[in-house]
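One structure is given here, and the rest of the page talks about it.
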Amino acid sequence: MTIHSHVRQEQVRLARYRDLEREVTDPLARCLLQMIVEELEADLEKARRCVQQASPAFG
């Protein structure tokens, strides 16, 4: 798996969890999904930094 495909995969995963977060009505489930979204956002940011280090022209 290339770094670029990893970043894309993280973007798709994050979008799915954001959709779930909007649809859920249970307060506990919503809280847990918010925590997952925050972790996925952090993972995506790390992946983007890796891409930028590997290829400065990518942004």
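Below, each value reflects all heavy atoms present in this structure, side chains not excepted, and no hydrogens, waters or symmetry copies.
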Minimum heavy-atom separation for V24 and L33, please, with both atom names.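 For V24 versus L33, the nearest heavy atoms are CG2-CD1, 3.4 Å.
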
- [ ] List the atom of L44, the atom of V7, and the distance in Å for their closest heavy-atom pair.
- [x]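 What the structure gives for the nearest pair is CD1-O, 3.7 Å.
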
Residue pairs fulfilling side-chain hydrogen bond (donor to acceptor under 3.5 Å, both in side chains) with at least one residue in residues 20-37, sequence neighbours excluded
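Residue pairs with at least one partner in residues 20-37: D19-R22.
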
Suppose the criterion is side-chain hydrogen bond (donor to acceptor under 3.5 Å, both in side chains): which pairs have a residue in residues 35-45, not counting sequence neighbours?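 Sorted pair list: R18-E41.
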
Hey, quick one: are L20 and L32 part of the same hydrophobic cluster, counting side-chain heavy atoms closer than 4.5 Å, chains of contacts allowed?
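No, L20 does not connect to L32 through the hydrophobic network.
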
Report task. Mind checking side chain to side chain contact (heavy atoms under 4.5 Å, CB included) for R13 and listing every partner two or more places apart, or none if nothing turns up? Result ->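 R13: side chain to side chain contact (heavy atoms under 4.5 Å, CB included) contacts with Q9, E10, Y17, L40.
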
